[in-house]
2 protein chains.
Amino acid sequence: MNIIISNSSSVPIYEQIKQAIKTAILSYELKEDENLPSVRNLANDLRISFLTVKKAYDELEEEGYIKTIQGKGSFVAPKNIELMKEERRREIEKHVEEIIKIAKIYNINKSEIDDIFNYIASEEDIDIN
Amino acid sequence: MNIIISNSSSVPIYEQIKQAIKTAILSYELKEDENLPSVRNLANDLRISFLTVKKAYDELEEEGYIKTIQGKGSFVAPKNIELMKEERRREIEKHVEEIIKIAKIYNINKSEIDDIFNYIASEEDIDIN
DNA sequence: ATACTGTTATATACTAAACATAACAGCTAA
DNA sequence: TTAGCTGTTATGTTTAGTATATAACAGTAT
């Protein structure tokens, strides 16, 4: 797993770590029961305090993404497949809600939004269909 | 103009004010040269410090949305129509970019995204087409 | 035992956000 | 002209969140 954090970002470091690990788990890059780096190792790699990593891990555990056992380490929690699909969907829903809210205020219709989709998709050089 | 702020939100109060006024301007609810509430009045209405309102107004001026004249008040700045369209589009683009990033990671295709669109649109009881 | 894991406690530093208060300055209408 | 609005500036305080360092403690495995 490759975590890159930005020191200058307004997003807290522990939050960046959480996001990176969440994404890795939801995209199956990290598999069930797979070992996460130890708090001290990851902290050394990222050149930050282990307390910052611990905070990220603590919250990930609270949210059910990982499981930590004292003396052993942290592991990807076994997760309900349906639940994971739901969570990925929710991420998208949040943004769609925002888009629709904006479209409503500014009277923008679906075809205009589709145009933006196609524009962004082509820019990122991916096939969205 | 009706501004509602949440004290418990993690979004700063001055940011909430900025967003509300920006939206009102971009949606033509506030028209060119229209008078904004005075910093002290708005502060009283919202029961916050006038310094917080001033911070919001200062940044809105910096971004070109309003114009402030000492002793007179703050006014909606005359804006380039094309520029406004661009800005509204950018708001949507930001979200589309996020959606595509997520779709890329999780292998979600456009029809699934469209389903979500239709779902949210129907929930909000609006015609998106 | 040693060397890894995670845990806890304490203390410090820094920053952003929000506030209170007071004094000052420009505009305008009575 | 003055009263009562506007905005401006300065100073200081409080609070919460983030991140750090250090040290000591506890569980696991070889």
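Here is how names work: the chains are called A, B, and so on, in the same order as the sequence lines, proteins then strands, and each is numbered from 1. Note that the structure is a prediction, hence the values are computed from the model and not measured.
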Legend entry - Base-contact (B) and sugar-phosphate-only (S) positions in nucleotides 22-30 of chain C, heavy-atom cut-off under 4.0 Å, - elsewhere: BB-BBSS--

Legend entry - Protein-nucleotide distance (Asn44(B), atom CG; dG4(D), atom C1'), rounded to Å: 15 Å

Legend entry - Lys67(B) charged N/C atom sitting above Phe75(B) aromatic ring, 6.0 Å / 45°: no

Inset, instruction - Verify whether one side chain among Glu87(A) and Tyr65(A) offers a donor that lies under 3.5 Å from an acceptor in the other. - result: yes

Legend entry - Under 3.5 Å donor-acceptor, Glu93(B) side chain and Arg90(B) backbone: no

Legend entry - Distance, rounded to the nearest Å, where Phe75(A) contributes CZ and dT5(C) contributes C1': 9 Å

Legend entry - Any residue meeting side-chain hydrogen bond (donor to acceptor under 3.5 Å, both in side chains) with Gln16(B), in chain and number order, not counting sequence neighbours: none

Legend entry - From Thr52(A), Leu36(A), Ile48(A), Ile3(A), residue fulfilling side-chain contact (heavy atoms from CB on, under 4.5 Å) relative to Leu42(A): Ile3(A)

Legend entry - Criterion side-chain hydrogen bond (donor to acceptor under 3.5 Å, both in side chains) against Ser111(B), the qualifying member of Asn109(B), Asp115(B), Asp114(B): Asn109(B)

Legend entry - Nearest-0.5 Å distance that lies between atom CZ in Arg88(B) and atom CD1 in Ile105(A): 11.0 Å

Legend entry - Spacing between Arg47(B) atom CZ and dC19(C) atom P, to the nearest angstrom: 13 Å

Legend entry - Of residues 5-20 of chain A, the positions that come close to DNA chain C - non-hydrogen atoms, cut-off under 4.0 Å: none

Legend entry - Nearest-angstrom distance from the residue atom CD of Glu59(A) to P of dT7(C): 14 Å

Inset, instruction - Compare the minimum distances between each of dT9(D), dG6(C), dC19(C) and the side chain of Ser38(A), then state the nucleotide with the smallest one. - result: dG6(C)

Legend entry - Leu42(B) CG - dA18(C) P separation (whole Å): 13 Å

Legend entry - Distance test, side-chain N/O of Asn41(B) to OP1/OP2 of dT6(D), below 4.0 Å: yes

Inset, instruction - Starting from C1' on dG6(C), measure out to NZ on Lys67(A) and report it in whole angstrom. - result: 14 Å

Inset, instruction - For Leu36(A) and dG6(C), give me the distance from atom CG to atom P, rounded to whole Å. - result: 9 Å

Legend entry - Among Ile113(A), Val96(A), Ile99(A), side-chain contact (heavy atoms from CB on, under 4.5 Å) partner for His95(B): Ile99(A)

Legend entry - Rounded distance in Å - CG (Asp58(A)) to C1' (dA19(D)): 15 Å

Legend entry - Lys55(B) side-chain proximity, nearest of dT9(D), dT7(C), dA17(C): dA17(C)

Inset, instruction - Apply side-chain contact (heavy atoms from CB on, under 4.5 Å) to the pair Tyr106(B) and Met84(A), showing each step before the final yes or no. - result: CA-CA 11 Å; Tyr106(B) 301 150; Met84(A) 286 181 62; over 6 Å; no

Inset, instruction - Please state whether the phosphate of dT20(D), meaning OP1 or OP2, lies under 4.0 angstrom from any side-chain nitrogen or oxygen of Thr52(A). - result: yes

